[in-house]
Amino acid sequence: MMTGRWQLAHGRHLDLGGKAVVVGILNITPDSFSDGGLFDAPEKAVVQARRMVEEGASVIDIGGESTRPGASAVSANEEQARILPVIEALATSGGTLISVDTYREDTARLAVQAGAHIVNDVWGLQREPGIARVAAETGAGLVIMHTGRDRQKLPDVIADQLFFLRKSLEIARRSGVADDHIVLDPGFGFAKETAAENLDLMARFSELHALGFPLMAGTSRKRFIGTVTGRDAAARGAGTAATSVILRLKGAHLFRVHDVAINVDALAIADAMLAREIGES
């Protein structure tokens with residue numbers, strides 16, 4: 001298991017490798033695929049964030065625009081109006097590590113100024129490359145996610161990951177982002193259209209270690225879990241936890257989830273198994 005220190009904004013850091021890190025998803029949107037409208041008032045969002053921290057989340061990832069297929073785009077102003085009050089409230093209370101889920105350079109900059117420590121870009125710096133400049137200038141942690149949207153993918157699932165993410169890493173490095181600020185996310189569900197493609201990505205996940213960066217897994221409540229289990233989105237917590245365990249054993253470091261408690265428990269078992277294997281080797 002790769003270990004290292006992930007450097008974040010505002011003088012913070014996360015040690016990765018020894019134990020799985022759970023990232024709680026907080027969608028401040030009316031139309032996200034499984035929790036749209038539940039936390040779109042700042043007060044409700046702050047309560048949910050604190051609940052997820054109590055359940056064991058180390059990071060709260062806050063998004064103001066749905067990234068589900070077919071979702072309506074919102075303006076930068078609307079996105080910022082949704083998320084900035086929540087980021088400011090959580091930052092004022094202190095302690096909680098905050099991630100902002102955005103592909104917009106201006107939103108990322110304002111979010112870090114408001115107290116966010118991490119920028120999570122689902123377009124892998126390839127929609128607004130200025131995101132990388134924000135990370136470099138602010139010292140924010142940077143999650144670079146793979147997506148197959150709006151382009152022709154390579155037929156091999158890992159070859160396409162390496163092709164896309166190496167291009168993203170070039171953008172980050174040209175902008176001055178240090179390697180110890182970067183985490184990669186293979187983007188489960190983002191233009192991986194079938195359950196088979198997502199399961200193939202899971203099966204070959206360990207091949208992504210060739211890139212040399214910590215890895216985040218974001219399988220939570222995704223459609224492929226529903227295909228396998230027959231469950232609706234809100235009832236996919238157990239299925240998600242199963243994928244988290246599999247991916248932890250294949251070397252994932254961070255897990256972005258809606259259902260924090262069940263994933264914390266499942267990952268504790270995975271970590272205990274990994275510790276036993278290391279002790280016996």
Side-chain angles (χ1 to χ4, degrees), residues 1-9 12-23 58-59 61 97 99-103 108 112 116-129 131-148 153-154 156-190 192 198 201-219 243-244 246-257 267 270-271 274:
M1 177 74 66
M2 177 192 299
T3 61
R5 176 160 287 183
W6 190 20
Q7 299 293 343
L8 313 176
R12 300 290 297 275
H13 68 266
L14 262 176
D15 289 323
L16 302 177
K19 290 187 176 181
V21 174
V22 172
V23 178
S58 298
V59 181
D61 188 48
L97 288 173
S99 171
V100 58
D101 180 355
T102 186
Y103 59 84
V112 176
H117 306 90
I118 300 160
V119 177
N120 178 12
D121 181 7
V122 299
W123 287 91
L125 312 180
Q126 295 187 39
R127 183 159 173 173
E128 291 199 16
I131 287 268
R133 185 166 56 251
V134 172
E137 292 173 357
T138 64
L142 181 62
V143 180
I144 298 173
M145 198 195 79
H146 173 281
T147 184
K153 294 189 298 180
L154 299 176
D156 182 84
V157 65
I158 298 298
D160 193 70
Q161 290 277 330
L162 300 179
F163 169 79
F164 181 91
L165 290 171
R166 283 171 174 154
K167 182 177 179 180
S168 296
L169 287 166
E170 289 176 8
I171 295 169
R173 286 165 173 158
R174 284 199 305 268
S175 297
V177 181
D179 284 359
D180 60 357
H181 287 253
I182 295 173
V183 162
L184 303 180
D185 181 341
F188 286 95
F190 280 76
K192 290 80 172 172
N198 286 279
L201 180 56
M202 283 183 60
R204 298 178 62 188
F205 187 86
S206 58
E207 295 178 47
L208 298 175
H209 295 304
L211 291 165
F213 289 87
L215 298 170
M216 177 183 284
T219 59
T243 67
S244 294
I246 292 167
L247 292 168
R248 180 60 175 163
L249 297 178
K250 289 179 175 289
H253 299 79
L254 302 105
F255 300 83
R256 184 177 178 275
V257 301
L267 287 164
D271 282 341
L274 289 170

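For Asp15, the salt bridge (Lys or Arg N to Asp or Glu O under 4.0 Å) partners at least two apart in sequence or on another chain are Arg5. Checked against salt bridge (Lys or Arg N to Asp or Glu O under 4.0 Å), Lys153 has the following partners two or more places apart in sequence or in another chain: Glu197. Residues satisfying the side-chain hydrogen bond (donor to acceptor under 3.5 Å, both in side chains) criterion with Glu137, sequence neighbours excluded, are Arg109. Contacts of Ala132 classified as side chain to side chain contact (heavy atoms under 4.5 Å, CB included), with partners at least two apart in sequence or in another chain: Leu125, Ile171, Ser175, Val177. Taking the ring-ring contact (aromatic ring centres under 6.0 Å, His included) definition, one finds that Phe205 meets it with nothing, sequence neighbours left out. Residues satisfying the side chain to side chain contact (heavy atoms under 4.5 Å, CB included) test with Arg127, not counting sequence neighbours, are Tyr103, Trp123.
Between Glu170 and Lys167 there is no salt bridge, since no side-chain nitrogen of the basic residue lies less than 4.0 Å from a carboxylate oxygen of the acidic one. A salt bridge links Arg204 and Asp156; the closest N-O separation between the charged side-chain nitrogens and carboxylate oxygens is under 4.0 Å. Ionic pairing of Asp185 and Arg256 is not present here: no N-O contact between side-chain nitrogen and carboxylate oxygen is shorter than 4.0 angstrom.
Rounding to the nearest 0.5 angstrom, the gap separating the CZ atom in Phe163 from the NE2 atom in His146 is 9.5 Å. The OG1 atom of Thr138 sits 12.0 Å away from the CZ atom of Arg133 when rounded to the nearest 0.5 Å. Interatomic distance, Met145 CE to Gln126 CD, rounded to the nearest 0.5 Å: 11.0 Å. Taking CG of Leu211 as the start and CG of Leu165 as the end, the distance is 6.0 Å to the nearest 0.5 Å.
Using a 4.5 Å heavy-atom cutoff, the side chains of Asp121 and Val143 are not in contact. Counting heavy atoms from C-beta on, the side chains of Thr243 and Asn198 never come closer than 4.5 Å. A heavy-atom distance below 4.5 Å is found between the side chains of Leu254 and Val183.
A distance-only check finds a donor-acceptor pair linking the side chain of His253 to the backbone of Met2 [under 3.5 Å]. Panel note: side chain Lys250, backbone Ala203; a donor-acceptor pair is recorded below 3.5 Å. At least one donor-acceptor pair closer than 3.5 Å links the side chain of Trp6 to the backbone N or O of His181. Gln7 contributes no side-chain N or O that, together with a main-chain N or O of Gly139, makes up a donor-acceptor pair within less than 3.5 Å.
Nearest heavy atoms, Val21 versus Ser58: CG1-CB, 3.8 Å. Residues Leu208 and Gln161 approach most closely at CD2-CB, 3.7 Å, considering heavy atoms. Considering all non-hydrogen atoms of both residues, Ile182 and Pro214 come closest at O-CD, 3.6 Å. Contact record, Leu142 with Ile131: CD1-CG2, 3.9 Å, taken as the closest heavy-atom pair. In this structure, Leu247 and Ala217 approach most closely via the heavy-atom pair CD1-CB, 3.7 Å. Here the shortest heavy-atom pairing between Asp271 and Lys19 reads OD2-CA, 3.5 Å.
Just one residue in the list Val23, Leu184, Leu16 forms a side chain to side chain contact (heavy atoms under 4.5 Å, CB included) with Met216, and that residue is Val23.
At a cut-off of 3.5 Å, with distance as the only test, no side-chain donor of Asp101 or Asn120 sits close to an acceptor on the other residue.
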